[in-house]
Structure formats: structure tokens, C-alpha cells
Amino acid sequence: MVVSGLEGKKTPKMRPPMRSSIACTRCRKSKIKCENHGGCPPCDSCIKTGKECNFNKPDPPPPPKRTDPPTGVRQERDGGSDRKKLKKIDDMSKVDNQKTNEYADDVLAAPFLTEDLWEQVLDIYKLHFAPELPFLHLPTMKEKLGRKRKLSQQESDSELNLVLLGVLTLTARHHSDLVKYLAHICNNQPGNARTRPVQTALDPAAASEYYADILTMALGPLRTAMKVASVERVAALLMLGLYEWSQIGPKSGGLGAWMYVGAAIRMAQFLRLGFGDVPEPGDKPAEPQRRGSFQQSQVALDKEIGRRTMFSCFILDRMLACGKERVSIVNAEDLQIQLPCSEDKFDLAMEVPTGFLRDRTRHGLDDSVLSRFIQLVDIWGEISKYSSAGGRTSKREEDHPPWTTGSAFYQLNKRLEEFDAELPGTFTFSRSNYFKHENHQASSVFVLLHMLRCVCLIMLHREWIPFVPIRCEYPQGPLDHPIPPTAPDGFWIASAEQVFKAAREIIDLIEICQRKNKLPQSTIVLFAIWTASFCGLYAAHFPQMDIPKHMLDYDYEDSDQDESVSEVLRRGPVAFAAATLHKMSKYQKMASTYVRILHQMDKYFDKIKQDYFRFSAKTRNAGEVSSRVREGGLSGGLEEYRVQSKKLKDFGFLRPEDHENADTSDRSSPNIIDHRPLNENGNPKSTQSGSFTAINRTSTTPAPETGHPFSNGGYPTPHPEAMYAETWRHHSQQQHQHQQLLPPQIYSTSEVMLDPTASIALEAHNQAFSDFVKKEESRRIGAIGDLGYFSSGDSQIAVADMPFGDSTYIPALGESSYYMPMGEF
């Protein structure tokens, strides 16, 4: 907390005047404002800090040494103050690196960061972040923290400070006391004129943001930070990158995480953290050196921390590369280090053989859930690359059906099957195994292992399931080109079951963890929950695809949801997953993005099904067969899947425009049909370049066929006679409403080229207008005759045949009564 002075501030109304002469002993020593009630203890500051409050006669104040208020933060050297003053972060941009390190020391020496609180913080780290960042050796950390509090600032370790600030950046939002402390500090920065901060809801993310800013400054200026390399700096950059990735917002994107993790990987490669366990060709085995037991264990511990730091780079690299046009940096074949050892060996600093990343057998080697998780991450990287490259629509898959050995699907599925077969019995998924690992405080990596395994199965098998299987009576293969030959009996049913069974396992894992409030707040867990929620939404809209009812039979009801919310989001597995995502959004902004997309996709499926049934009868009566499912066609919605695939497949949103494309409310509205012809790949052909304004947007457009309940979202409506009468009798009013509800739309060349749904809207309106002109030609001529009658009293059409239907009604002429825009025929 920083307070710039004791005098010269206005006293809030309804409070007695406060002067330095009635400050308590502790506040006077700390040189902070003492808010009290007429000198009666305890004061507000002592209440907040839990200290004893005493009032003595104050000494006369010393003469001021300078007129301007102090801006720095100095630690009290007399030992009497138990409180640190924190300075503004903005002022730190003007100080050198040494001052920055001193400031980091001041922040980490705050009195509320006690040993007990650090114990709790490290427990939070182990629960939520250790599976992805397993490099922290907790016994060493606790020993260094105890020693740090006894050292002076000059003897502090600046590299250790980076790791500690990284830990606080990840964990502060999950510690309620830290959130309160940091909220109090941030609300009492210098320059704040309020004597008491406004009481608002606490934002947990603000606590982590505070430490993230401090860590960024402690790393130093960009040119300096890029010229200094250490294992601690790699760890700090990884922690900062993981935090930034979890806080992706609607307009920010994930560039910060992408850059932090990329810098960490390059620094780790510079330090050769990925080498050392594989001897060079021709090298003789190293002779054992005589070392003391402590020195041997320290060498083994340093090597293991280096391995785990490199594998942390590998995990985050694969996580950020899960998406289209995202290229990974770390090559699995280049990692010449053995897998991490088990946690008990790590705690005891013992070096044991564990095998390498691509080893299939682990007999006689030290095994751990963490090493299995890292091997699964390697498989996940290959599956995400396969999915992002087009999945079944890739060139390779066109020539090889998924049940043949030459198919990429077959080979990846085989790797998953081999991985499952090699898992020890205690590592497989079951409730009893979860509680066994939870008893040893190792449940988090067990949860991530099986959630990621389920994500791999879903990502792999959903590529071969129709996106909109509205015509399917049971699970079938692709309905769009390329269509594979006849599959073996039961192949598609078994493939679809893998998707829904894996999604149900994720739901079961969430339920198990939440009963003991031990669900890891990991970004991988977040992505798994989102993937399972969408599978549940898909099953709810197309129940014929989930024959065993893995997702349909889950019983849950969210009593907090209003009845106006969709049924699927109030009951069942989707509601349960959505409620979990909502809870996680308190700590991760990415979760709120997924909740919003889930609601949008629910409406999307509702509308596309309505479109199919609406237009299928029309196309059958007209003898036309469309290839698009929106038009009642025979496809499986591949053209729809390509539009939606980015937000369904990609892990997070790397670029801000990726998040903007996630909004399906307008761009993917089922009331928009793309009439453009398809090219040989099944994609709509590009429109011609140029910018134009659509002038044929109408507020009321007659139906091409009466008797069909069309919507009014740009499509024809029934009963054209009554509609025309109302249009002419209330022309001015309708024209005003038309200008308010349907403003002209301008489609630029870049929009049309980048977003095919923009040209879809254009073509839909053009088609509706063209059909109307052809079908209602006679009525248009009649309207012209009406105009001739009212303007000159002479018309070639009988009055009884005019659209008014009643010749006695003739509205008064006005200046704009008969102005008729081109789009309102």
C-alpha cells in the first residue's frame, strides 16, 4: 500500500477531521494515514492488518526536506515497520534494471506473503498447473523461501524472484486472501483521492494481472531480456505464456502467449535443455566421478529440472499449435532426453532410467503418469495436425478409406490403441484409480491424461461423421465428396460411439473432481470440457447418432437457469458442462468465450434444421435437388462444417479475427442461402470483385408460393393481397420502419473474399427479388395503373382490379406519399 502524505487531503464528509496528532503508534512509524474515530483504538489500518493499536502522544513532526511528494518506495530500515510500501507500476518504466530487481524484492517481501501462504500457493500450483509445467521442485522451493526471508535485499536471488513471480501470476487468482490483499493495494495506489476505496466485487484476475506486470518488468527491457538465458527465465516465460493463453479476450487474441512461449523454447534450445541423455556417436561412456552424496543428488536434480523444463516447452508448443496454420517449433525427434521420473524420485532427487519419448515398451524403467501424459501429448500433436489439415478431405484420405492401413486416420487410431494397451492397470480410467492417485496428491496429471485421451478420440473420429446428419436414421459415414466406398459392417456405428463415449468420460471426470473441489483449472481441461459440451449438443440435436445414449442418458438439471433458456442448456450433460465452463470463467476468460459459442451453436442447429424442412418440400415440388443441406439438399453439411470448423477444432483463438469469426449469430444464419455453384473441391466459387450496395432489400416481399410458413428474415411471406393493401394504405409508416429495420448493406470486396457468408446473403436477396419480379409481373403493372389513376384520373385497369380493393378509399396526396423505392415492388 502506498500513501503519499498525511496532510493536505480533504476529509470525506460525515467523518471527523483526522490529523497526524491522533495517529496510533504503528501508523506513525509506518508513515501511513491513521483512520480512527477521535483517537479511539483500534484504527482502520490496524483492523485490516490484525495488529494491536495503541495511541501515544506524538512527537513533533520533522521539517519537510522537499516540497514535492515522494514517489519511490523505501523499505523501513529501523526494523519498526512491518509493512512494505508498493510504488506505481507506471513509474518503473523510468528506472534501470537494478531498481527493477529491488522493486521485485519489495513486492515479494510483502508481509502477507508468509510461509503458510506460500505453502498454500504451492499447493494450488500443484493442483492446477503442475501437469503442464512440472519443473518446480517443491522441497527446494520451500527451503529457498525460508532462507529468502532471512536474507537482506543485497543477497537476494533475482533469478529465483522470476520463478516466484511466475508462480504468483498463475495462482494469485485462485487464492481468496491474495485477491483481497491485492485489491486493497491496487485501490490505494498514490494519486487516489479517495480515503476509502469504493466497495466493488473482487476480480480474481486482477491479482494475477498485478503479478504478471511485475514479472514482465523483472524480466527487464526487451533487448536485455533477449541477451540473458537461464533455466529460471525459461520457466518464468512459460508461466507468463500459460497465463496469457488462459486470458484470451474477445479483442486481444493469443499473440502474447504465442510470443512468450516461443521465446522460452528458443532460450531452452540455446541452453541445450533438449540434449544430454543420448551419447554422441563414438563417445566413450563417461567414467563415474567421485562426488559426495549431496553433490550427486544436486547434479541429478539439476538435470531432471532441465528435462522437465524442456518437456514443459514441448507441452505448451503442442497446445498452441492445435489449430489451422499454427506451426510447432519443437520436433519430437530432436529431444535427446529421457522422460521425467516419478514424483517420489523427483522429490528425493534420485536419477533413474525412464526411457525416451518414442519408446513403446517401458519394462524395467521408472514409470509415471506424467511420462505417459507427455507421450500422449506427442500423439495429440499429430492428431491436431491431421484435423487442421482437413481431416478426411485431405488428398491422402481421398485415396485411402479410414479402415485401410494407408489412411492417416488408421495409423493415428492405431497409435491411440497401442497407447491404451500399454497403460498399466493403475493408470487406466476408473473411479477407484482416481482416488488412488488423489490420495497421493497426484490426481491432476491423472485427470489431464484421460481428458486429453478423450479429446484425441473425439478429434480423430468426428472427421468422418456428417456435420448435419438430418437425413440419417443411424450413424453413417460422409455424405459429401469425397465419399469413401462401402465400409465394413458396423464401422461407422463404432466410430460414432467412440466420440460420444469419450465425451461422457470427460463429463464423468468433471463430476468426480468437482465433488472434492479438485478440478484442475488447466487450459487443456478447459478445451476438453468445451469439446465434450459440443458433442453433447450435437447428440441432443441429432439423437439418432448416439445409439448407446452415452450423452443422452446423463441426468442433470441446472436450477440456476431461467426457463427461457434452451432445454439442452438447462438439463443434461450440455448444461452440466456449460455450468462448469461458467465457473471456470471466473479465472479464465477463454471459458466465457466457449460458453457464448455453445449458446450460438444451439441456435445454429435449431435454425438449420428448420431451414432443411422448410425448403425440402419446396425443392421436391419443383423437381429440383440441391446439394446443400440448408436448401433441403442431400449433403451432410460439409459446406457448413468448413465455416464453423475453426472455432470447433482450434484450441483457443490465436488472432483477434478468429474470435470475431466465432460469432454465428449473423454470418451463419440459416435464413441465408448460398446459391453459388460449387467448384471441384465442394467449396463455393468466389464472387466477382468490386464493392456495391444491395438496393433490393425489402421490408415486405411476397411469397413465391402461398400456404408455406416462411420466416420474414428476407424471405417471402404469405397472403400477398393483404400485404399489398396494407403497404399502400400505410406507405409512409412502412417506409419509415423499413429505413429503421433494414438499412442498406454494403459488401466490400475484402469481406466477400474472406467471408463467403457475405455473398450468401447477397445472393439470397437477389434470388428472392428475381423470383418475385417474375411471379408478380401482373401485379406490378397493376400498381403502375394505380399510379396513373391517382395522378391523371385515367387508367387502363379497372378500379375494382386495383390492389386497394376499395375504390372509395383514396388517401390524400402528399409530397412523398407515392415515393416508391426500387426495392419495394
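Note: hydrogens, waters and symmetry copies are ignored here, and every other heavy atom, side chains too, is used.
- Under a cutoff of 6.0 Å and an axis angle of 45°, R308 and F346 form a cation-pi pair.
- Contact check on E505 versus K501 returns no salt bridge, with no Lys/Arg side-chain nitrogen under 4.0 Å from an Asp/Glu carboxylate oxygen.
- The aromatic rings of Y594 and F527 sit tilted relative to each other, their planes meeting at an angle between 30° and 60°.
- Ring to ring, Y260 and Y243 are not that close: their centroids are 6.0 angstrom or more apart.
- For R571, the salt bridge (Lys or Arg N to Asp or Glu O under 4.0 Å) test picks out E557, E567, with sequence neighbours left out.
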key: Check against side chain to side chain donor-acceptor pair (under 3.5 Å), S566 and D602   = CA-CA 8 Å; S566 174; D602 179 42; 2.9 Å; yes

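- Relative orientation of the F467 and F534 rings is parallel, given thresholds of 30° and 60° on the angle between their planes.
- The closest side-chain donor-acceptor pair between E132 and T523 falls under 3.5 angstrom.
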Could you pull out every donor-acceptor pair under 3.5 Å between side chains of residues 112-121 and any protein atom, sequence neighbours left out?
| unit_1 | atom_1 | unit_2 | atom_2 | d |
| --- | --- | --- | --- | --- |
| T114 | OG1 | L117 | N | 3.2 |
| E119 | OE1 | K142 | NZ | 3.3 |
| Q120 | OE1 | H175 | NE2 | 2.6 |

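- With 3.5 Å as the limit, one finds a donor-acceptor pair spanning the side chains of Y604 and E640.
- Every residue two or more places apart in sequence or in another chain that forms a salt bridge (Lys or Arg N to Asp or Glu O under 4.0 Å) with K649 is listed here: E463.
- The pair E209-R173 fails the salt-bridge criterion, with no side-chain N (NZ, NE, NH1 or NH2) lying under 4.0 Å from an Asp/Glu carboxylate O.
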